[in-house]
Asks: 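Just passing along the structure, written as structure tokens.
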Amino acid sequence: MEIIIAIASKTGEYLVDPIGRGFGYLFNYHSNLGSLQGEIKKLLKKKDGVQGLVDAAQENGESIKPDVQSWLTNVNEVMVKEVLPFEDEINKKRRHMNRWSLSRKAYKITQRVLQLHNEGTFENVARPEPPPEISSTFEKGFKDFKSRKANMKEVIEGLKREEVRMIGICGMGCVGKTTMVKETITRLEKLKLFDKIVMATVSQSPSIRTIQSEIADEIDLKFEEESESGRARRLHGRLKGIKRILIVLDDVWEEPDFAAIGLPYRDTHEGCKILLTSRDSDVCNRMGSQPIIAVPTLTTEESWELFREMVGESFDDPDLRSIAKEVVNECGGLPIAIVTVGKALEKKSKREWDDALNQLRNSTPVNIPGVNDKVYSSIKWSYDRLESDEARSCLLLCSLFPEDYDIPIEYLVRYGWGRGYFSNCSTLEDTRNRVHSLVAQLQRRFLLIDSSNRETTKMHDIVRDVVISIASRDPHRFLVRSHAENKEWPNLATYDTISLVGDLKIPVDCPKLELLQTMNGRFSKGSMDIICMEMKELKVLALVRMKMEDLGSSRSPGVLKNLRTLILDGSDFDGMSTDVIGGLENLEILSFRGCGSMRELPREIGRLQQLRLLDTTNCWNLEVIRHGIFSGLCRLEELYMMRSFKNWEIGTGREDKGMASISEVMSLSHHLKVLSIQIPSVIHLLPKDIVLKSLTIRFHMFDKRVEGYAWMLTMTTYAFENCLVIVESDARELMKSQAVGLMLKKSKKLALRNVKNFSALTELDEEGFQDLKVLYLDHCPNIEYFVNGTSALFPRIQSASQLPNSFSTNLRFLRLTYCGVLKYAFSLSAARNLVQLEELDIGGCHQMEEIVSKQGREHEEEADMISFHKLTKLSLRRLRRLVGFFQANKLYSNQEETTPRLEHQSAGIFEKAIFPSKCISWFPSLEEVVLDYMTFEGVLFDLKIHIVMDGQTAPTCPQLRKLKIYVCSFTHLWKNIPSGFQGFQNLRYLELTSCSGINYVFSHLIARKLLNLEEVDISGCPDLETVVRITEENEEEATKDMILFPKLNRFEIVYLPRLTSLCPEGFTFQWSSTKNMDVYGCEQLKTLGAVISQRKKLENKSEKDSTSHDFSTSPTRSSNWCPAGCGCTPYSRPNAQRSIEILPRPINLEVTPTNLEDSNDDDNLEKLSVRNCISMKVIFQLKGPKHEESNHSIEAFNKLRSLQLYTLPSLTRVWETCSSQPMFAGSSFGNLKSLDVQCCDRLKYLFSSSIVKLLVSVVEAIKVDRCKQMEEIVAAQEETAEIITLPKVKSIKLGNLPKLKYFCGEAYTLKLPSLELLEVINVQDLRPFDSKLDDTHNPRLQVKPAFRQEWTRYALD
């Protein structure tokens, strides 16, 4: 907008006094332009803020609200369609002094900008994204055994049958029921048999709340109710609203209480089916499962195959072959036994194999309900074979948690430290590393399994049962008890470890107890007194998510002298009544994580001189920490305070009162190993006495003002990497701080926002940020270079070769935003160092001309040595002056020009391109490109130069999967495509929004390479005329038929006012794989293109498909012209007697928007929406060669479920067929459930009688509204009497149809046995259903409005 002010200033001297009202715009010329500039800046600032929130929400997996998306689109359109053209107009007219016209336009645009600014206030920009399909959370690796394939097939076929309501899968523990069910779910989701599949683990000790929560999470349901009954009602209502749902209940021991949980059952929801697994077939029988499928053990061959995979190379040793067979036999065909034993024997000697066999044979099983003896023996043997007591102790600790629980590895660290399990580890950090190593070892042995969260692990319920059995005996003596188990307490005098889950009282008489864990219960008054008096040997006390009436003050302070670990995570501890804490003189670990009720940190903590770890993470309401508390923690090693206390004082550590200060914390840094805190600002780090004394400290220092901005830098795990976020500071002041300087040097993640007075990154660390992995630079106004090897960056360095070899070599992620004087990101020599860079995001740098630039004495040949091997995502936004990613031989004005500027070297023509041909080969791993607000009068990809390796053309961008372009201007996306070009073959997703200048998306040479394209979204491109075009320079290569986009799954084209076609004549879109198609606001579009499906021949049903095509020819046309002379390419299968014409057709001939030829088993279109296309005349048309009769039928769109047709003023037919042409096969449209037609003013009827017969067994809802010429819903083709039955139609809505007289002709009898809603509004001439209407006896039928007595009577008879 600088030009606006410049022009306004230039013309100010010509202003004259207004004469009359018409001179108001002339008089206010200067102020109107100035106001426009100011309001645009405000709007863009607000837009950037909203966009930042949107970006953060999307990265957090949330779904953006439609009104927010619409507002952002409107802002984009105003900028592209009004502001930018206005700038051009000012530039053209400024000499002619059209001030009145310019001022008037400026005023009107300002009003529009003001309106948008006022509309751009949103309380929330997003809502949580609907949960992904449940199968996405399953661990991969299902073994497709023959026995399991048969079981899965039986389950799937059973669920397809309407009468089947519940299927039971039974089998002994560890036989693989759950694994098989998860694979079955994965396959069911692909078949789309259900709208939603949910799964919950019931277990031997079921928890109603846990089951409710598991299912609620999968349907995105948030409970507001506290009571189980209230939650059940809410869950039941939500589940009933899902039309087709499968509820999977895993590990059922007794019949669950469906009503108490809130699950629909039997006749309460016709669309609900239950799939359950159990170890007891009697349970399945009692619940009424039909069928019940028994899962057997693995066959000998399957067992052998699995064992071979587990033991690896050892299997090929001939000395072990005979032993191996006996070992496998001892495993009894049970997968978990084979896996655990096999992994333990991998790479072991023959003696160890012999010993294993002997141990398995002689093991003495323990009677564990549901656990096979051989399973027990194999798991017990694997446990005994673990290399260390530490590994065994770690596994035993995992058994303390509930079934199917995500076990926090950090709890294993803190429990193990408290119990003294890791005597060789002197620090908590060493212990953490050791525990993570042990967990990985146990996972490799399959005694633990991976979790979806890398900071947690899981334990199979059978392994847990065996481990609990092992742990319950000497020398361990563990007791694990749930409130759901109705058992008496054993004699607790000898137990040293107890875990209680649920509302259980604290046990008494436990003199040897060393670890007590209670979860999800109530900690009543007096409980702490019991602990202090009865458990004097206690070393670990964990009160997790407990409702605490009172922590209590012990009558005997200091009695728990052995307590080393106290955990109160997630409990409603308020920080009061804490005398007992102050008396824990040997306490080393204290955790309040997630204690949302705590407002003040207990002062008594300051007396804990042995404390090594303090954790207040996620204590959102912690507002008070008194000065002096930290000073007493002289042995503190780890401090975690992220997302809790922020009210640090700026102090020197000598205050007698007030809040704690950073200098107080830093005084502990002799021992401090981990520091994770939020600070109000970097000022708190600048006092001179703040010195970071430990050079190996791991830190996470975060400015609280950028929580929403720097979401990627937030701490999500205890194994975080060094991170520093600084906002609004002066680099000169930062470099005076020893602590800041050290953290800058050691940072692996660094964010600098509004940091001034540094021109190059190396001013902050001359050694080159050798550890840095993630870097954000935002609104840094003085930075001129990111990295450069010239004297401008390094005052004493005169050669690029002196650039430190290690400079930024570890950088993985870089974001540069709104650095106003930055002209380029990297010199050639610096770019060569970025060998680890994975993601690059540059936006709002208005002076940037290149991303990589040749500088000073650098040689252009260095460009040939650059390759961003690991770069997977590139985002470029708002770079007004960008001329390309790299331009050869370009020099800037602040450097001495030593060589003349050359144009395009290979052709002598300079092609302005974002990705010039010179650097197009730099991106072998690029997967995603995002471009936003790039007004670029040039090309996106210039492909003139291509690389030849080993005599073959190297593919360009071979890994690119996503291409997203928003509010940009290009002349071409791809240009200068050479013969034999290879590339872009993995592109899956293309989004093109509000882009001007381009007339077509793909040339045919690019389009035919996109065999894996799955999703296409094109909207708001005012100049787009077609999607695929044959370009002039390659026209000779486009003489043969071609199938385009065979894997296209979703296709949306919205508001493309100049679009006339999707592809050239003679080309065919392969719609067979498309599930969703949406066409909106394409005013000139007359055809959707051709659909190729699989022909169902009546005369020869056994004919097979072939990949080759035969093309009919005409004496007057080349082979790519059809015999009908319409200019299209016929398509026929081999040996076909006749070909079917494939459109598009010339505009002057009959308009046939979608022509069906044959059908395909992969026809997957589920939803078709066509809206606001004023030229569309026919939706589905089947048409064969003229003057020929057809003897075959066509199967098409057999998965289409929803059809929406809105505002199609030229539409005359939805379906069009004629008697002499191919007919739709009986399975065509065999899943069409919903039909919605509105504002189609030339449409006289909806169905012909032949079409309605295809829909009789499937259609459920019909809505027709505002169709002025509609006379009948079903049109009669013959005068003979006929009965039409629509057995599944539940809803008919007819509105604003002034000419509608009949639902169907007088000759027909209509039957609607399932009709529940008949809504007729403003349909004055509609006659009642024929008196022969019957079988409409549904008692739930509603008639709205009952404006005629005849309607009501006939509907209810």
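Note that the structure is a prediction, hence the values are computed from the model and not measured.
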Asks: Among side-chain atoms of Thr494 and Arg477, is any donor-acceptor pair under 3.5 angstrom?
Replies: yes
Asks: Any side-chain donor-acceptor pair under 3.5 Å between Thr497 and Arg419?
Replies: yes
Asks: Just by modelled atom types, is the Ser469 backbone N or O under 3.5 Å from a matching donor or acceptor in the Arg473 side chain?
Replies: yes
Asks: Tell me yes or no: between the side chains of Arg414 and Ser591, is some donor less than 3.5 Å from an acceptor?
Replies: yes
Asks: How about Leu320 and Val311: do any of their side-chain heavy atoms sit closer than 4.5 Å?
Replies: no
Asks: Using modelled atom types only, decide if a donor and an acceptor are shared between the side chain of Thr565 and the backbone of Tyr415 within a distance under 3.5 Å.
Replies: no
Asks: Count the heavy atoms belonging to other residues, nucleotides or ligands that lie under 6.0 Å from NZ of Lys746, then report whether that count exceeds 12.
Replies: no
Asks: Report yes if the side chains of Arg385 and Thr340 come closer than 4.5 Å at any heavy-atom pair, otherwise no.
Replies: no
Asks: Give, for atom CG of Leu428 and atom CD of Glu588, the distance between the pair rounded to the nearest 0.5 Å.
Replies: 8.0 Å
Asks: Quick check against the 3.5 Å criterion: does Glu330 have a side-chain atom that pairs as donor or acceptor with the backbone of Leu357?
Replies: no
Asks: Go through the side-chain N and O atoms of Glu352 and Ser349 and say whether any donor and acceptor fall under 3.5 Å apart.
Replies: yes
Asks: Judged by atom type as modelled, is there a donor-acceptor pair below 3.5 Å linking the side chain of Asn810 to the main-chain atoms of Gln770?
Replies: yes
Asks: Flag the pair Arg961 and Glu927 as a salt bridge only when some basic side-chain nitrogen lies within less than 4.0 angstrom of an acidic carboxylate oxygen.
Replies: no
Asks: Is there a donor in the side chain of Asp250 and an acceptor in the side chain of Thr277, or the other way round, less than 3.5 Å apart?
Replies: yes
Asks: Taking C-beta and beyond as the side chain, do Gln443 and Asp450 meet within less than 4.5 Å on heavy atoms?
Replies: yes
Asks: Would Leu345 and Trp353 count as a side chain to side chain contact (heavy atoms under 4.5 Å, CB included) if you check the C-alpha gap in whole Å, the side-chain angles of each, and the deciding distance to 0.1 Å?
Replies: CA-CA 7 Å; Leu345 286 173; Trp353 280 65; 3.9 Å; yes
Asks: Quick one: pull up CZ in Arg593 and CD in Glu410 and give me the separation to the nearest 0.5 Å.
Replies: 8.5 Å
Asks: Between Asn722 and Phe699 (side chain of the first, backbone of the second, donor and acceptor by atom type, cut-off under 3.5 Å), is there such a pair?
Replies: yes
Asks: Please step through side chain to side chain contact (heavy atoms under 4.5 Å, CB included) for the pair Thr456 and Phe401, ending with a clear verdict.
Replies: CA-CA 12 Å; Thr456 63; Phe401 298 88; over 6 Å; no
Asks: Output all residues satisfying side chain to side chain donor-acceptor pair (under 3.5 Å) with Asn433, sequence neighbours left out; order by chain, then residue number.
Replies: none
Asks: Any chance you could measure Cys331, atom SG, to Ile336, atom CD1, to the nearest 0.5 Å?
Replies: 11.5 Å
Asks: Consider only side-chain N and O atoms of Tyr411 and Gln517, and report whether a donor and an acceptor are under 3.5 Å apart.
Replies: no
Asks: So with a 6.0 Å cut-off around NZ of Lys512, is the heavy-atom count from everything else above 12?
Replies: no
Asks: Taking side chain as C-beta onward, heavy atoms only, is Ser203 less than 4.5 Å from Asp404?
Replies: no
Asks: Where does the angle between the aromatic ring planes of Tyr718 and Tyr640 fall among parallel (under 30°), tilted (30 to 60°) and perpendicular (over 60°)?
Replies: perpendicular
Asks: Hey, what do you get for CD1 (Ile169) to OG1 (Thr184), rounding to the nearest 0.5 Å?
Replies: 6.0 Å
Asks: Any side-chain heavy atom of Leu395 within less than 4.5 Å of one from Ile470?
Replies: no
Asks: Using a strict 4.0 Å threshold on nitrogen-to-oxygen distance, state whether Arg308 and Glu305 make a salt bridge.
Replies: no
Asks: Please evaluate residues Leu442 and Arg445 with respect to the criterion side chain to side chain contact (heavy atoms under 4.5 Å, CB included), reporting the C-alpha separation (whole Å), side-chain torsions for both, the decisive distance (0.1 Å), and the verdict.
Replies: CA-CA 5 Å; Leu442 293 168; Arg445 295 289 182 87; 5.6 Å; no
Asks: Regarding Arg434 and Asp430, does a basic nitrogen lie under 4.0 Å from an acidic carboxylate oxygen?
Replies: no
Asks: Does the Ser925 side chain pair with the main chain of His869, one donor and one acceptor, at a distance under 3.5 Å?
Replies: yes
Asks: Is Arg351 salt-bridged to Asp355, going by a charged N under 4.0 Å from an acidic O?
Replies: no
Asks: For the residue pair Glu637 / Thr427, report whether a side-chain donor-acceptor contact shorter than 3.5 Å exists.
Replies: no
Asks: Within the 3.5 Å criterion, strictly below it, is a donor on Ser278 or Asp280 matched to an acceptor on the partner's side chain?
Replies: no
Asks: Verify the neighbour count for atom NZ of Lys348: are there more than 12 heavy atoms of other residues, nucleotides or ligands below 6.0 Å?
Replies: yes
Asks: Is the shortest heavy-atom distance from the side chain of Trp304 to the side chain of Lys325 under 4.5 Å?
Replies: yes
Asks: Is a side-chain donor or acceptor of Glu154 paired with a backbone partner of Asn151 at a separation under 3.5 angstrom?
Replies: no
Asks: Between Glu346 and Arg444, is there a salt bridge with N-O shorter than 4.0 Å?
Replies: no
Asks: Answer yes or no: is there a side-chain heavy-atom contact under 4.5 Å between Arg148 and Leu298?
Replies: yes
Asks: Assess whether side chain to side chain contact (heavy atoms under 4.5 Å, CB included) is satisfied between Thr617 and Ser676, documenting all intermediate values.
Replies: CA-CA 9 Å; Thr617 302; Ser676 173; 5.9 Å; no
Asks: Within a strict 4.5 Å, meaning less than it, do heavy atoms of the Arg279 and Lys177 side chains meet?
Replies: yes
